[in-house]
Amino acid sequence: IDNLEVYAYHGVFPEENEKGQPFYVNMVLYTDTREAGLQDELTLSTHYGEVCHFVTTWMQEHTCKLIETVAENVAREVLKAFPLVQAIDVEIRKPQAPIGLPFESVSVKIHRAWHKAYIALGSNMGDKETYLADAVKGLAEMKDTKVLQVSEWIVTEPYGGVEQDCFLNGVAEVRTLLAP
């Protein structure tokens with residue numbers, strides 16, 4: 001998506017928030033297009049028109065001081081709203097930035113993506129199964145993180161000669177926007 005024009009109210013100075021100005025948004029959406037291309041079926045792809053309307057609405061309904069903040073939020077919200085998008089490049093251009101010198105545009109470009117992570121879980125004290133269930137629940141409640149699956153719990157003997165209870169262990173597979 002090249003040069004999507006959005007009139008919005010982002011900027012550090014009060015007059016930018018009051019009067020607004022045009023912003024231009026460039027995005028590259030990384031998604032697997034094979035099935036959509038083979039079947040010629042839009043429902044198997046990401047509808048770029050819907051993405052454009054979504055970004056326009058977000059930018060017009062929110063006010064940020066920095067275009068860095070706009071870029072971060074646009075990237076996060078598109079990744080969360082469009083499940084086939086695995087990664088995104090976002091550029092926010094601001095051609096009327098109050099610089100007071102001749103220039104074409106200022107911009108911020110970022111790349112954000114979903115990451116898959118495997119998190120080891122274990123407990124050897126108290127109600128081990130409840131503690132592990134609470135840990136999985138905590139992961140599921142984290143912003144920008146989805147628990148994809150959790151292994152079965154296994155019992156393992158303690159290691160190292162220290163007198164202690166057996167461990168209850170497992171692993172959670174998560175999808176997250178958090179940086180690795």
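Reckoned from all heavy atoms, side chains included, excluding hydrogens, waters and symmetry mates. Predicted model only: the values in this text are computed from it and were never measured.
Pairs of residues two or more places apart, or lying in two chains, never qualify as salt bridge (charged side-chain N to carboxylate O under 4.0 Å, His left out) while including a residue from residues 145-157.
In this structure a side-chain-to-backbone donor-acceptor pair under 3.5 Å is missing from D89 to M27. Distance alone, capped at 3.5 Å, places no donor-acceptor pair between the T46 side chain and the L84 backbone. One N or O on the side chain of Y7 and one on the backbone of G20 form a donor-acceptor pair closer than 3.5 Å. With hydrogens and angles ignored, the 3.5 Å screen pairs a side-chain donor or acceptor of H10 with a backbone N or O of C64.
In this view, E173 and K116 satisfy the salt bridge (charged side-chain N to carboxylate O under 4.0 Å, His left out) rule, not counting sequence neighbours. Listed by chain and residue number, F82 satisfy the ring-ring contact (aromatic ring centres under 6.0 Å, His included) test with F54 (two or more places apart in sequence, or in another chain). Looking at residues two or more places apart in sequence or on another chain, you find a side-chain contact (heavy atoms from CB on, under 4.5 Å) between H115 and A113, T176, P180. Applying the side-chain contact (heavy atoms from CB on, under 4.5 Å) criterion to V136, with sequence neighbours excluded, gives L121, V147, V150, W153. Remark: H62 engages W58 in a ring-ring contact (aromatic ring centres under 6.0 Å, His included) (not counting sequence neighbours).
For the pair M142/V174, no side-chain contact is recorded, criterion being any heavy-atom separation below 4.5 Å from C-beta on.
Side-chain contact, T156 with N169: a donor N or O sits under 3.5 Å from an acceptor N or O.
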